[in-house]
2 protein chains.
Amino acid sequence: MNSDFTLAIHSLTYLALQLDHMSTSDAISESACVHPVRIRKVLSLLKKHGFIVSKEGIGGGFIFSKDASEVNLWDIYRITSDGALQPKCPDSNEDCVVGANMQKVLFSIFIGAEQHLGQYLKNYTIKDIVDLVNQKNQLC
Amino acid sequence: MNSDFTLAIHSLTYLALQLDHMSTSDAISESACVHPVRIRKVLSLLKKHGFIVSKEGIGGGFIFSKDASEVNLWDIYRITSDGALQPKCPDSNEDCVVGANMQKVLFSIFIGAEQHLGQYLKNYTIKDIVDLVNQKNQLC
DNA sequence: TGTACTGTAATATTAATTGTTACAGATAGG
DNA sequence: CCTATCTGTAACAATTAATATTACAGTACA
């Protein structure tokens with residue numbers, strides 16, 4: 001799985017703790033240790049789906065436009081990583097009973113796996129993540 | 001996810017249809033359209049876990065040593081792809097509340113996700129895959 | 001009108017996956 | 001006991017995917 005999914009979670013969690021002002025991609029990238037352009041790419045997806053709002057120019061940046069408890073990890077997964085579970089297997093041999101049909105069989109199984117994963121991810125909202133982060137932080 | 005998992009499934013399904021004789025890595029690789037050395041690598045893992053038996057030399061190869069209904073996809077996943085769901089995110093910024101704790105929080109969530117996925121994969125045995133492949137084949 | 005942002009494309013770099021070559025060791029059969 | 005055919009692995013090459021970087025247009029504010 002590429003890390004756009006975790007980057008999106010990271011960014012939203014960050015924003016959920018900065019509700020009073022906009023955060024720049026530079027600030028978020030410093031927290032996540034990735035290039036600011038990547039943050040902007042991922043956040044532009046989240047923006048298209050209405051989870052955040054952005055503003056260009058001085059004082060601009062990104063800010064949460066929903067309540068953190070309204071956004072769950074499955075929402076984010078579908079935006080950033082839909083189909084990522086599906087392994088990219090090579091086209092197999094059409095002259096072999098196994099090769100000719102395996103791909104379709106596995107495809108449908110992985111579709112099911114992703115939906116099943118969704119049931120799990122739906123249980124976690126960004127608010128939950130914020131709480132877990134705070135919780136871990138107090139232990140240090 | 002790398003495709004060792006699907007390769008293992010492909011190979012075992014192939015073997016499940018060739019119970020009367022040993023199959024060479026060449027034969028399996030032809031069905032799966034990958035290099036025979038990769039087949040040998042993956043199958044050596046399955047051998048270590050007792051799912052198959054191998055024999056070197058003339059007339060050698062691989063053969064199933066269990067009943068296809070005794071091996072499920074979760075068994076195979078753990079052997080070939082354990083931890084594959086875990087995204088490899090960069091170490092994040094320790095000076096930031098989010099950065100410092102996110103990694104641990106996400107780690108435990110992905111552990112849970114993998115276990116949840118396991119519940120789904122347990123529902124499919126190699127026998128089920130064989131049946132599905134045969135079923136698809138009859139439609140053509 | 002200059003400065004500080006986002007948005008996005010194009011390119012470069014790095015890392016992961018896969019393929020290839022090479023060869024030691026096992027085994028059956030002549 | 002010698003040769004052909006297989007597995008088992010390691011080392012290396014090639015390919016592909018992920019990520020970083022650079023560049024620049026567009027927007028907003030002061």
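Letters A, B, ... mirror the listed sequences (proteins, then strands); counts begin at 1.
- Comparing C:dA4, D:dT22, D:dT27 by their closest approach to the side chain of A:Glu56 singles out D:dT27.
- Contact between the side-chain N/O atoms of A:Thr24 and the OP1/OP2 oxygens of C:dC5 is not found at any separation under 4.0 Å.
- Here the nucleotide nearest the side chain of A:Lys41, chosen from D:dT21, C:dG19, C:dT20, is D:dT21.
- Taking side-chain N and O atoms only, B:Ser54 has no distance below 4.0 Å to OP1 or OP2 of D:dT7.
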Test log, rule salt bridge (charged side-chain N to carboxylate O under 4.0 Å, His left out), inputs B:Arg38 and B:Asp4
CA-CA 9 Å; B:Arg38 251 192 99 196; B:Asp4 283 0; 3.0 Å; yes
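- Here C:dA26 presents its C1' atom at 11 Å from CD1 of B:Ile58, a figure rounded to the nearest Å.
- Crowding of B:Gln18 atom CD: a count of heavy atoms from other residues, nucleotides or ligands under 6.0 Å exceeding 12.
- If you take CD1 of B:Ile52 and C1' of D:dG8, they are 12 Å apart, rounded to a whole angstrom.
- Comparing C:dT20, C:dG19, D:dT19 by their nearest atom to the side chain of B:Arg38 picks out C:dG19.
- Taking for each of A:Phe62 and A:Val37 the nucleotide of DNA chain C with the nearest heavy atom, the 5'-most of the two is the partner of A:Phe62.
- Classified by interplanar angle (parallel below 30°, tilted 30° to 60°, perpendicular above 60°), the ring pair B:His116/A:His116 is parallel.
- In this model, the phosphate group of D:dT19 is approached by a side-chain N or O of A:Ser3 to a distance below 4.0 Å at OP1 or OP2.
- Side-chain contact between A:Phe62 and A:Thr24 is absent, with no heavy atoms from C-beta onward closer than 4.5 Å.
- OP1 or OP2 of D:dT9 sits under 4.0 Å from a side-chain N or O of B:Ser44.
- The local environment of NZ in A:Lys127 is sparse, with at most 12 non-hydrogen atoms from other residues, nucleotides or ligands closer than 6.0 Å.
- A:His35 places its NE2 atom 18 Å from the P atom of C:dA10, with the value rounded to the nearest Å.
- With rounding to whole Å, B:Phe5 atom CZ is found 14 Å from C:dT18 atom P.
- With DNA chain D read from its 5' end, the first of the two nearest nucleotides for B:Gly59 and A:Pro36 is the one closest to B:Gly59.
- The distance between atom CG of B:Leu46 and atom C1' of D:dT7, rounded to the nearest whole Å, is 15 Å.
- As a whole-Å value, the separation of B:Met22 CE from C:dA26 P is 16 Å.
- Residue A:Gly61 is classed as a sugar-phosphate contact, given heavy-atom separations below 4.0 Å to backbone atoms only.
- Atom CD1 in B:Ile28 sits roughly 12 Å away from atom P in D:dC6 (whole-Å rounding).
- The side chain of A:Lys47 places an N or O atom within less than 4.0 Å of a non-bridging phosphate oxygen (OP1 or OP2) of C:dG7.
- If you take CD1 of B:Ile39 and C1' of D:dT7, they are 13 Å apart, rounded to a whole angstrom.
- Applying the 3.5 Å distance criterion, the base of C:dG7 shares a donor-acceptor pair with the side chain of A:Arg40.
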